[in-house]
Amino acid sequence: MDDRQMDGQEPQIDLRDYWNVILKRRWTVVAFFVVVVTLVTIFTLRQTKIYEAQASVIIEPYAPQVLGNVREVYNLGAGSYWSNKEYYETQYNVITSRTVAQKVVKLLRLEGNLEFLGIDKLPPEERKRRLEQPIDYAERVQGMLEVEPVKDSRTANIKARHPKPKWAQRLANAAVKAYIEYNRQTRQQVTQDAAGWLASQANELKLRMQESENQLYDFKKNNKILSVSLEDRQNITSQRLQDLNQTLNRVQAERIALESRRQQILDIKESRLPLDTVDKVIDNRLIQQLKETYVKLKEEQAELIARYLPDHPKVKLVTNKLDLIRTNIDREIDNVLTSMEAEYRAKLQSERSLKTELGRVKAEAQEINKKEIAYNRLKRVADNYESLYNLVLKRQKEATLASHQETNNVYPLDTAVEPRFPVYPRVKLNILLAAVVGLLGGIGLAFFLEYLDNTIKTQEDIERHLGIPFLGIVPSIKLEDEQDEGVTVATRDHYLISHPKSTVAECCRTVRTNLLFMSPENPARRLLITSASPQEGKSTVVINLGITMAQSGSK
C-alpha cells in the first residue's frame, strides 16, 4: 500500500504517469488511429455522392389587393407575431407536403424515369426487376426536398438533393413552380367557394327582403297610409294638433272677452247708468252721435229750466226730445247686445267644435303612435334584410372578381443552378471526426489495456505490488561465439571474471552493495536465490553474485 494512502491522504494525480502510459502503448494508439481513419475514409469514399440545389421564394402574408378589401373574404395572415409565425410554418409544411410533391412528379414526368430513379445504367434484367416493384414517386420526392427559412425575412430557400446534379436543379425549380401553382389554385378555390356561398346567401336574403317588403306594404295598405309615410302622417297630425290648440286658445280668449263686454252692456242697460260710460263699452257710431245730441239737449234743458218753469212748452219740448233720444239709445244698445249675443253663441259653438276636433285628432295621434311600433318593427326588418342583401351582394361580386385574378402572394426569387460539388458525404469532416475519434479511442484503449495489464515490468511495479525493496537488475548474458552448450554455461558462470567492466558486472556489484546496506546492524549470513520456473538464471546469479562478494573481500 502507498505510504500516502496509509497516512490517510488522497493520492495525487501525476500527469507524467498518464503520459508515460501513452508513450508506453503508443503503437496501440497509432494502430487504432490508423484503423479508424482508414475504415472511415474507405466507407466515406464508397458512399453515393449527393448534390444539393437551392432555389428561393418570397412569401408575403397576402397578395396585392386590386379590388380593395377583398382580403376580408379570405384571411391569408393576420398581423400579430404568433399568427404570422403559424402562417409561415404552415407554408413550410405545404412546400414539403405530398400534394406539392405530386405536382412535382407531374411537372417533371418522373413516373418511369430511369435516370431519376438511378437505374438507367443497370442491366436490363435488374432494371426490369426494380421497375416491377411498387414505387411511391411522391414520397421519394418528399424525401429529397427541404425548406430552410431565412431569419428575419419573408424569404425561404427550397433545397433539393439527388445523386445527379442536374436532377437536383430540376427538382428545386419544379418545387418552386409547384408550390406557387398550388398556392394560386388554393386562393382561387377559396374565393370561388366564398363566391358560391355568398351567392346562395344573397338569394336567400333577397327572398326574405322581398317578403318583409310585402309585409310592410300590406301593413300600410290595411292602415291607409299609402300616400305618405307613417312618419309624414305623424308629422301632419302633430302639426294639426298644434294648430288646433292655438285656434282653440284664441277662440276661448275672444269668447271670454266678448262675454265680458256683453255683461257690461247688460249692466248698463239694466241699471241705466249715465251715458258717459256707454262709449267705454260700445263702439257704435250711431250711439255716439245720439249721445252727443243727448248731451247738447241736456245742456239746453238746463238753460231753459233756469229761465222757465218746468211746465213751459219749451222745457217740455226739450224733455220730450231727451226721452226720445234715450229711447233710441236703448234700442241701439239692444241691437248691439243682440248682435253680440249672436257672436257670443257663434264663438261658443266654435269653441265646442274645436274641442271635439282636438279630441279626435289626439285619438288619431295615439292610434298612429300605436301603429308606429308595428310599422317600425316591420320597417326595421325590411331595412336589415336590404342592408344585408346589399352587403352580401357586394362581397359576392368582389369574390367573383377575385376568383379570376392571377395575383399571388408567393414570388420566385432565385432559380436553382446546377451544383458542382456534392454536399454528402462530407469527406473532410468525416475524416476529421474519424481522426479525433481514432485518437481519443486509441488513447482510451491504451489506458484500458494498461488497466488490464497486471504483469510486473519495472522497479515501481515490484515495490507497489509486492511491498518489498528492489535490489537491482541482472541483465541477460548473451554469448554469441560459443556453440557448445557446456562451454556456454561455463563461460556464462565466469562472465564477471572475463568481463569485469561489463554492464552485467556493474549490475551485480549494485546488487551486492544493496544487499550489504540493506541491514548493516544485522548482516545476513545466508542468501536464498529462487525463481518461479527452472532455467531462469538462478545458478548464474548465485555464481556471479558470489564472485562480486569475493572480489570485495567477503566470504
Is the closest basic N to carboxylate O distance between R25 and E450 below 4.0 Å?
yes
Is the closest side-chain heavy-atom distance between R380 and D383 below 4.5 Å?
no
Between R129 and E125 (salt bridge meaning N to carboxylate O under 4.0 Å), is one present in this structure?
no
R98/E139 ion pair, N-O < 4.0 Å:
no
Under 4.5 Å between any side-chain heavy atoms of I135 and L117, yes or no?
yes
Do the side chain of R127 and the main chain of L122 share a donor and acceptor less than 3.5 angstrom apart?
yes
Check A172 against I158 and note the closest heavy-atom contact, atom names and distance.
CB-O, 4.1 Å
E52/R161 salt bridge by N-O under 4.0 Å criterion
yes
Check ring-ring contact (aromatic ring centres under 6.0 Å, His included) between F448 and all other residues, then give those that pass, not counting sequence neighbours.
none
Is the closest basic N to carboxylate O distance between E181 and R184 below 4.0 Å?
yes
Looking at E418 and K164, is any side-chain nitrogen of the basic one under 4.0 Å from a carboxylate oxygen of the acidic one?
no
Would a line drawn from the ring center of Y18 to the ring center of F447 be shorter than 6.0 Å?
yes
From the list V57, T415, V104, side-chain contact (heavy atoms from CB on, under 4.5 Å) partner of V176 resolves to V57
